[in-house]
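Quick notes on the structure that follows.
Just so we're clear, the structure is a prediction, and the values are computed from it rather than from any experiment.
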2 protein chains.
Amino acid sequence: MPVKINETIIQPHVPKGRQRFDRAAALDRALELFWRKGFTPTTVGELCAVMGINPPSLYGAFGNKAQLFMEAIAQYERVYWDQTWVALEAEPDVRKAFAAFFAEAARILTSPDAPCGCVVVTGAINVPAEDQHIADALRNLREQERDLFLARLQRGVADGQLADEIDTDAIATSLITLLEGMSIEASGGAAGKRLQQVAACAVRLVG
Amino acid sequence: MPVKINETIIQPHVPKGRQRFDRAAALDRALELFWRKGFTPTTVGELCAVMGINPPSLYGAFGNKAQLFMEAIAQYERVYWDQTWVALEAEPDVRKAFAAFFAEAARILTSPDAPCGCVVVTGAINVPAEDQHIADALRNLREQERDLFLARLQRGVADGQLADEIDTDAIATSLITLLEGMSIEASGGAAGKRLQQVAACAVRLVG
DNA sequence: GACGGTTTGTAGCTAGCACTACAAATAGGC
DNA sequence: GCCTATTTGTAGTGCTAGCTACAAACCGTC
């Protein structure tokens, strides 16, 4: 079979056989389920049901349950949080920036799409030992968020909006810790109003 | 069979047959495992291993896995937290009281016995739907804790140590939320020093 | 010391999990 | 219109979970 290698390489995506289901739409449905139920309690059977496919299609398109979960997480960050982080940097006043961030966070965590907290916080708590790498990946994501808090606080100090003496490291850790707690509250069914109360208090940590 | 009913009722606990294993010691071992791993990932097989018993003994003494878990939770509260709550009330200065509480909390959550947060917070996240009643029970416990915070804050206002205008309700919610976040951090392996940083910032929420 | 109630250890049960063979169905390339 | 690559649906695999039947071992009581 003299395949013309160059030509096939030039064309990036040539679907030859039967065309696949709507991968992006299915991922959205998977995210919604993982978000509500967490990684472990969500079964492949349930995923297939909401995605409108059968197990072989899921494994063919996403690898396995864990890889599907990580793709859903990336989708979640992109759709729900990217704008919020951009706004944290865009607002010049550091206190207003954090106030807006936490108010928006309270809104997302009690979103009608899935009013059950942040899947990055709650999605992989209590996973069996063999899935520990998933919990580790989410913890790394949260640590990156903490570093974004820290950078914003340091900029606030550099801008003269915050006192030089404050412990930006401790404050950044406290803010991410409070944000994590807000996910626990939301996952327990806390109302949006209750989280807005917490968001209002959060700014006091900034100093 | 003319059994002497009155006599048997008078005697409250008459172990007739073969005597049981050390129930209290076994419960301690079960708590340690539940604490580290959470409810769902902890298997009955692992529980039996650390408790030094076999499944029939576990079910005979504790009912089932869920009831054993709830007994372990009660034991946990008693051994690790009861004193801390008493101290919150005993200290007359409300700010000192909360400072001490959160410092002690940071210590407990990173305790060498199980440096993985509070089992009341993390133990029943992501349980399957059929075990939802366990998550509900833990959430009720946390709500009780919030009410203790609230009462202490209100006393602080009554004692003239806190301004009348503060929103004690919002602050109590924020404090329990932060405490819950600290458990997430600890379960992710955060060092004791890191949680002490958060504890130091917590007092700023009191107002 | 035999009896009767209790606990114990062995072994296994049912159900549900993540995952996969396999062949039929699909659709582009020649 | 055939070939070939890919996806699909059916049906099932192996594994592990929580839980239990059963008979032997134990121990106070008569």
Side-chain angles (χ1 to χ4, degrees), chain A residues 1-23 25-26 30 33-34 37-70 124 126-131 133-134, chain B residues 1-5 7-8 10-23 25-26 30 33-34 37-70 124 126-131 133-134:
Chain A
M1 311 153 197
V3 195
K4 299 159 192 169
I5 297 174
N6 287 336
E7 290 183 5
T8 58
I9 285 182
I10 288 169
Q11 303 168 12
H13 289 302
V14 193
K16 265 193 173 180
R18 177 170 175 175
Q19 69 181 8
R20 231 207 284 264
F21 61 92
D22 186 341
R23 197 177 185 282
L33 198 61
F34 276 133
K37 306 193 55 173
F39 175 73
T40 308
T42 299
T43 71
V44 172
E46 290 171 328
L47 286 166
C48 287
V50 302
M51 296 166 87
I53 59 178
N54 292 104
S57 300
L58 188 154
Y59 285 90
F62 297 101
N64 59 24
K65 184 185 167 187
Q67 290 176 37
L68 171 60
F69 180 76
M70 290 312 299
N126 290 341
V127 293
E130 73 232 36
D131 296 323
H133 64 285
I134 298 177
Chain B
M1 307 156 196
V3 195
K4 298 161 193 168
I5 298 174
E7 289 187 5
T8 57
I10 289 170
Q11 303 168 14
H13 289 300
V14 193
K16 263 194 175 181
R18 177 169 174 175
Q19 72 182 4
R20 232 207 284 264
F21 61 91
D22 186 339
R23 198 177 185 282
L33 198 61
F34 276 133
K37 305 194 56 172
F39 175 73
T40 307
T42 300
T43 71
V44 172
E46 291 170 327
L47 285 166
C48 287
V50 301
M51 296 166 85
I53 59 178
N54 292 105
S57 299
L58 188 154
Y59 286 89
F62 297 100
N64 61 20
K65 185 185 168 189
Q67 291 177 36
L68 172 59
F69 179 77
M70 291 311 301
N126 291 342
V127 292
E130 74 232 34
D131 296 323
H133 64 283
I134 298 177

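Atom NZ in B:K65 sits roughly 16 Å away from atom P in D:dT16 (whole-Å rounding). Taking atom OH of residue A:Y59 and atom P of nucleotide D:dG12, one finds them 19 Å apart after rounding to whole Å. Atom pair A:L58:CG and C:dC17:P shows a separation of 15 Å (rounding to whole Å applied). Rounded to whole Å, atom C1' of C:dC19 lies 14 Å from atom CG of A:L68. Rounded to whole angstrom, the span from the CD atom of A:E130 across to the C1' atom of D:dA17 amounts to 12 Å. If you measure from atom CG of A:D131 to atom P of C:dA18, you get 10 Å, rounded to the nearest angstrom.
To the nearest 0.5 Å, atom CG of residue B:D22 and atom CD1 of residue B:I53 are 11.0 Å apart. Rounding to the nearest 0.5 angstrom, the gap separating the CG atom in A:L47 from the CZ atom in A:F62 is 10.0 Å. Atom OG1 of A:T40 and atom CD1 of A:I134 lie 7.5 Å apart (nearest 0.5 Å). Atom CZ in B:F39 sits 13.5 Å away from atom CG in B:N126 (nearest 0.5 Å).
Residues satisfying the side-chain hydrogen bond (donor to acceptor under 3.5 Å, both in side chains) criterion with B:K65, sequence neighbours excluded, are absent altogether.
Of the residues in residues 41-57 of chain B, those placing a heavy atom less than 4.0 Å from an atom of DNA chain D are B:T42, B:T43, B:V44, B:P55, B:P56, in numerical order.
Of all nucleotides listed (C:dT8, C:dC19, D:dT8), C:dT8 comes nearest to the side chain of B:R20.
The aromatic rings of A:F69 and A:F34 sit perpendicular, their planes meeting at an angle over 60°, well past the 30° parallel limit.
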Close N or O pairs between protein and nucleotides 24-26 of chain C (under 3.5 Å):
from, atom 1, to, atom 2, distance (Å)
C:dT26, O2, A:R18, N, 3.2

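The neighbour count for A:Q19 CD, taken as heavy atoms of other residues, nucleotides or ligands under 6.0 Å away, does not exceed 12.
Not a single donor-acceptor pair under 3.5 Å links the side chain of B:N54 to the backbone N or O of B:P56.
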